[in-house]
Amino acid sequence: MELWYTEDHSRGAKFSLKVEKQLYSGKSDFQRIDVFETEEFGKFFTLDGLVMITEKDEFIYHDMIVHVPMATNPKIRKVLVIGAGDGGTVRELVRYPEIESIDMVEIDELVVEVCKAYFPKSTSGFADPRVTLYFEDGLKFVQEKVDAYDLIIVDSTDPIGPGEGLFTREFYQNCHRALTKDGILVNQHESPFYDHYAKAMQRAHQRIRESFPIAKVYQVHIPTYASGHWLFGFASKTFDPVADLDAHAWNQRGLETGYYNTDIHQGAFALPNYVKKLL
Ligand code: AG3
């Protein structure tokens, strides 16, 4: 008998992966967590029935959420990461020796525990001495911070369930206050393609624009997310992600990456007309 994982990507479209076996299923105070082994994508885990990472394509997401801001401002020293319990974002950040501290605030400790058990490659960065993990609500955490971070990365779930507050006006205003004068905010920004994702994407963008003078989105191709067409938001007080990119300086570092390069960085901000219309 074949076992298949199926996720609704819209009311009329489903996405399926052939599953070898289910490795874990549990419920935290916040959400349901499942881990599966597949033939095509290696291991993957879901939160409340939505794919978060697969071993095969997580490099795309984590390269693009980290290297885009890091290449834009080489003076980033203090970083706050919200969500990101699987560790992929922190793993990429610790590759930058000039970063002094990384505070990661994940609401759900069980996500980190499960990922440590099943995704050792993605959680390897947690051992870095510059990293401090807080198991708290990111919404509350930023409320108390002023002029504290050069970069905030919001690596959250969708705006339903525990991730909801991370898409509000109040949260974006608090991020603005928590950032230094050259601060950058990057967030996972949903998909422009299927209606209900596109609406969430639009709402998030409008709210970010109200708080930040520079607010752009950039696109990536993530095979296991709804439609495969996914966006990140780049908001900042001073930096323009395309005009201020010093491609030469980033390339001099010699960092090996599976997806990110400085051409993709520039190209990712060129948007299809249907996406421009939504913004
Ligand atoms: N970030 C999850 C992005 C949103 C996924 N949404 C979805 N599949 N509908 C967390 C995973 C990467 N660290």
Side-chain angles (χ1 to χ4, degrees), residues 60-84 89-90 92-105 130 138 142 145-156 166-167 169 171-190 201 204-220 230-255 257 259-271 275-276 279:
I60 303 174
Y61 183 99
H62 296 119
D63 269 15
M64 291 301 275
I65 203 168
V66 169
H67 302 307
V68 168
M70 289 308 298
T72 302
N73 177 11
K75 296 214 169 77
I76 289 169
R77 299 290 177 269
K78 294 190 178 357
V79 183
L80 171 64
V81 179
I82 297 177
T89 295
V90 166
E92 292 307 311
L93 283 167
V94 299
R95 302 176 74 191
Y96 290 86
E98 74 272 24
I99 291 181
E100 290 164 5
S101 66
I102 302 164
D103 290 343
M104 188 186 111
V105 186
R130 294 168 295 170
V142 285
K145 301 282 184 273
V146 183
D147 198 20
Y149 297 103
D150 306 307
L151 170 64
I152 299 177
I153 295 181
V154 186
D155 179 2
S156 69
L166 304 175
F167 290 83
R169 271 189 195 87
F171 173 68
Y172 297 133
Q173 281 160 11
N174 288 334
C175 286
H176 187 278
R177 187 163 15 82
L179 285 166
T180 53
K181 67 169 183 15
D182 287 328
I184 295 173
L185 170 72
V186 170
N187 70 330
Q188 84 77 6
H189 211 289
E190 302 291 293
M201 187 291 285
H205 185 71
Q206 277 159 10
R207 292 171 183 173
I208 293 173
R209 236 180 22 209
E210 290 168 16
S211 292
F212 287 85
I214 297 161
K216 307 213 160 159
V217 305
Y218 58 103
Q219 56 180 6
V220 287
W230 210 259
L231 302 177
F232 290 107
F234 181 106
S236 84
K237 298 187 183 181
T238 55
F239 279 95
D240 181 281
V242 177
D244 294 324
L245 168 68
D246 186 345
H248 179 71
W250 194 85
N251 288 312
Q252 287 287 93
R253 293 172 175 276
L255 281 183
T257 44
Y259 191 86
Y260 179 86
N261 58 50
T262 49
D263 292 336
I264 267 282
H265 178 135
Q266 280 162 321
F269 286 89
L271 301 173
V275 178
K276 285 188 183 181
L279 300 175

#### Entry: Derivation and outcome, side-chain contact (heavy atoms from CB on, under 4.5 Å), residues Ile82 and Val142
CA-CA 9 Å; Ile82 297 177; Val142 285; 3.9 Å; yes

### Message
Please evaluate residues Val220 and Tyr259 with respect to the criterion side-chain contact (heavy atoms from CB on, under 4.5 Å), reporting the C-alpha separation (whole Å), side-chain torsions for both, the decisive distance (0.1 Å), and the verdict.
### Response
CA-CA 10 Å; Val220 287; Tyr259 191 86; 4.3 Å; yes

### Task
Show your working on side-chain contact (heavy atoms from CB on, under 4.5 Å) between His265 and Trp250 and close with a plain yes or no.
CA-CA 11 Å; His265 178 135; Trp250 194 85; over 6 Å; no

### Message
Using the rule given for side-chain contact (heavy atoms from CB on, under 4.5 Å), can you reason through Ile60 versus Trp230, listing the C-alpha separation, both sets of side-chain angles and the distance that settles it, and then say yes or no?
### Response
CA-CA 11 Å; Ile60 303 174; Trp230 210 259; over 6 Å; no

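Of all the heavy atoms in Pro69 and Ile76, the pair that sits closest is O-CD1, 3.6 Å. Shortest non-hydrogen contact noted between Ile152 and Cys175 is CD1-O, 3.7 Å. Between Lys276 and Leu271 the shortest heavy-atom distance is CE-O, 3.6 Å. When all heavy atoms of Asn187 and Tyr172 are compared, the closest pair comes out as ND2-OH, 3.7 Å. For the residue pair Ile208 and Ala215, the shortest heavy atom distance occurs at CG2-CB, 4.2 Å.
Under a 4.0 Å N-O distance rule, the pair Glu100/Arg130 does not qualify as a salt bridge.
Counting only heavy atoms from C-beta outward, the side chains of Lys145 and Arg177 never approach each other to under 4.5 Å. Lys216 is listed as a side-chain neighbour of Asp240, based on a closest heavy-atom distance under 4.5 Å. Put simply, the side chain of Glu210 does not reach to within 4.5 Å of the side chain of His176, judged on heavy atoms. Side-chain contact between Leu231 and Val275: present, with at least one pair of heavy atoms (C-beta onward) separated by less than 4.5 Å. In this structure, the side chains of Met104 and Val79 stay at 4.5 Å or more apart for every pair of heavy atoms.
The distance from the NZ atom of Lys78 to the CD1 atom of Ile102 is 11.5 Å, given to the nearest 0.5 Å. We find the CG-NZ distance between Asp182 and Lys237 to be 9.0 Å, quoted to the nearest 0.5 Å. A distance of 8.0 Å separates OG1 in Thr72 from CZ in Phe239, rounded to the nearest 0.5 Å. One distance of note links CG of Leu179 with CZ of Phe212; it measures 5.0 Å at 0.5 Å rounding. With rounding to the nearest 0.5 angstrom, the CG atom of Asp150 is 7.0 Å from the CG atom of Asn73. Atoms CD and CD1, on Gln188 and Ile153 in that order, are 12.5 Å from each other to the nearest 0.5 Å.
In this structure, the ring of Phe232 has its center less than 6.0 angstrom from the ring center of Tyr61. Here Tyr96 and His67 bring their ring centres to under 6.0 angstrom of each other.
Side-chain atoms of Asp155 never come within 3.5 Å of backbone atoms of Gly83 as a donor-acceptor pair (strictly under, hydrogens ignored). Asp63 places a side-chain N or O within donor-acceptor distance of the main-chain N or O of Tyr260, the cut-off being under 3.5 Å. With Tyr218 contributing its side chain and Met64 its backbone, the two residues share a donor-acceptor pair below 3.5 Å. Side chain of Thr180 to main chain of Asp147: no donor-acceptor pair is present (N/O by atom type, distance under 3.5 Å, no hydrogens or angles).
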